[in-house]
Amino acid sequence: MKKIVILTGAGISAESGLGTFRDEGGLWAQHAIEDVATPEGFARDAQLVHDFYNARRANAAQAQPNAAHHALARLEAEHPGEVFIITQNVDALHERAGSRNVLHMHGQLDRALCGACGHRWDAPAVMRPEDACPACRVRATRPDVVWFGEIPYGMERIDPALSEADLFAAIGTSGQVFPAAAYGQHARRMGAHTVELNLEDSAASRDFDDCLRGKATEIVPLWVEGLLSRA
Ligand code: OAD
């Protein structure tokens, strides 16, 4: 098992107190996707969108990495081959647990992006529609998160990693948002062994050779322990 590629979703941060999107009472039950997670919604009401991400940024800053994040950091430190985490999460809990090789395919809450010139910088705690870009001075500042209808980040790194993976694992994701939802199928077709770790069956479960069911804080450390003891 040389190259391990791990896709994470909101379920890995749930036990850190960050709500998921599609579980009962999740974020998409409280907010309309088209209002807060599309370029059109931002053009209609930038203040509403900033309010949504400002609140999420504050929650994420208070949250602590949990045992699942820590186990993945340990895996990266102790596994003799490469461990690459592709996360759909916009929180920084993987990095705060010590993971280094992390790609945020849906962006990061703690980064700001200029919609005019593409410049990126560390986001302040509270972003406002009147904030100007520090590089071009245009007032088109937005959270550096990928919205529906936009292309996820890092595809040029993700595609080859899936093709070269010996082991692909998906943790805490419902398998409903593409392209990430197809990564298990892609990696398996290219020869990887595939494992899904989730509370329940997902829309993509059929693409996995093994399915481990339970809370991320319980099943991820056990899974990592097993991998390291076999290495
Ligand atoms: P979802 O909310 O769609 O799915 C979360 C998954 O985690 C579900 O399958 C739950 O069963 C599982 N889960 C919940 N608690 C868990 C726990 N404690 N341990 C293990 N599993 C648990 O979140 P994502 O799949 O991450 O995109 O959603 C993908 C994308 O949809 C997000 O990145 C976001 C959203 O719209 C954008 O905003 C672009």
Side-chain angles (χ1 to χ4, degrees), residues 6-42 48-50 52-53 55-57 59-60 63-72 85-94 97 102-109 111 113 142-155 158 168-185 195-208 210-224:
I6 300 169
L7 173 72
T8 63
I12 197 168
S13 296
E15 291 164 83
S16 292
L18 301 179
T20 62
F21 295 94
R22 295 176 183 80
D23 292 309
E24 209 180 320
L27 277 172
W28 294 154
Q30 303 167 44
H31 304 271
I33 290 182
E34 56 276 20
D35 288 342
V36 298
T38 62
E40 295 77 17
F42 188 64
L48 178 83
V49 176
H50 278 307
F52 174 73
Y53 289 100
R56 292 187 64 204
R57 187 177 303 110
N59 284 345
Q64 298 301 322
N66 64 45
H69 299 103
H70 285 295
L72 295 187
I85 296 177
I86 303 165
T87 187
Q88 299 167 87
N89 297 342
V90 291
D91 65 58
L93 295 180
H94 284 304
V102 182
L103 190 155
H104 285 269
M105 66 179 293
H106 289 167
Q108 293 171 256
L109 276 176
R111 299 282 287 166
L113 166 67
R142 55 171 279 183
D144 190 12
V145 296
V146 175
W147 287 326
F148 286 89
E150 298 182 324
I151 297 168
Y153 294 147
M155 306 300 284
I158 293 173
F168 173 83
I171 304 175
T173 178
S174 62
Q176 295 193 50
V177 175
F178 288 85
Y183 289 171
Q185 188 183 54
V195 187
E196 180 181 66
L197 298 92
N198 208 49
L199 207 50
E200 58 193 8
D201 281 355
S202 77
S205 293
R206 76 179 76 85
D207 299 328
F208 294 85
D210 295 326
C211 291
L212 307 178
R213 296 283 168 258
K215 291 181 178 174
T217 56
E218 293 169 5
I219 59 177
V220 177
L222 284 175
W223 175 70
V224 166

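Heavy-atom basis, side chains included; hydrogens, waters and symmetry copies ignored. The first residue of the sequence shown is numbered 1, and numbering continues consecutively from there. Numbering of ligands and ligand atoms starts at 1, following listing order.
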Trainee: Could you check whether the rings of Trp28 and Phe21 sit parallel, tilted or perpendicular, using 30° and 60° as the cut-offs?
Mentor: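 Rings of Trp28 and Phe21: tilted, 30 to 60°.
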Trainee: How would you list, by chain and number, every residue that makes a ring pair (Phe, Tyr, Trp, His ring centres under 6.0 Å) with His104, sequence neighbours excluded?
Mentor: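 Checked His104 against ring pair (Phe, Tyr, Trp, His ring centres under 6.0 Å); zero matches.
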Trainee: Holding to ring pair (Phe, Tyr, Trp, His ring centres under 6.0 Å), I want the full list of residues that pass it with Phe42, two or more places apart in sequence or in another chain.
Mentor: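 Only His50, Trp147 meet the ring pair (Phe, Tyr, Trp, His ring centres under 6.0 Å) criterion with Phe42.
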Trainee: Which protein residues come within less than 4.0 angstrom of ligand 1, counting heavy atoms only?
Mentor: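 Around ligand 1, where the cutoff is 4.0 Å for heavy atoms, the contacting residues are Gly9, Ala10, Gly11, Ala14, Glu15, Thr20, Phe21, Arg22, Asp23, Trp28, Gln88, His106, Val146, Phe148, Gly172, Thr173, Ser174, Val177, Asn198, Leu199, Glu200, Gly214, Lys215, Ala216.
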Trainee: Under the ring pair (Phe, Tyr, Trp, His ring centres under 6.0 Å) rule, collect the residues that match up with His70, sequence neighbours excluded.
Mentor: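 Here no residue qualifies.
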Trainee: My understanding is that only one of Asn89, Thr8, Val90 makes a side chain to side chain contact (heavy atoms under 4.5 Å, CB included) with Ser13; could you say which?
Mentor: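 Only one option passes, and that is Asn89.
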Trainee: Decide if atom CZ of Arg213 counts as having more than 12 heavy atoms of other residues, nucleotides or ligands within a radius under 6.0 Å.
Mentor: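 Yes, the 6.0 Å shell around CZ holds more than 12 heavy atoms from other groups.
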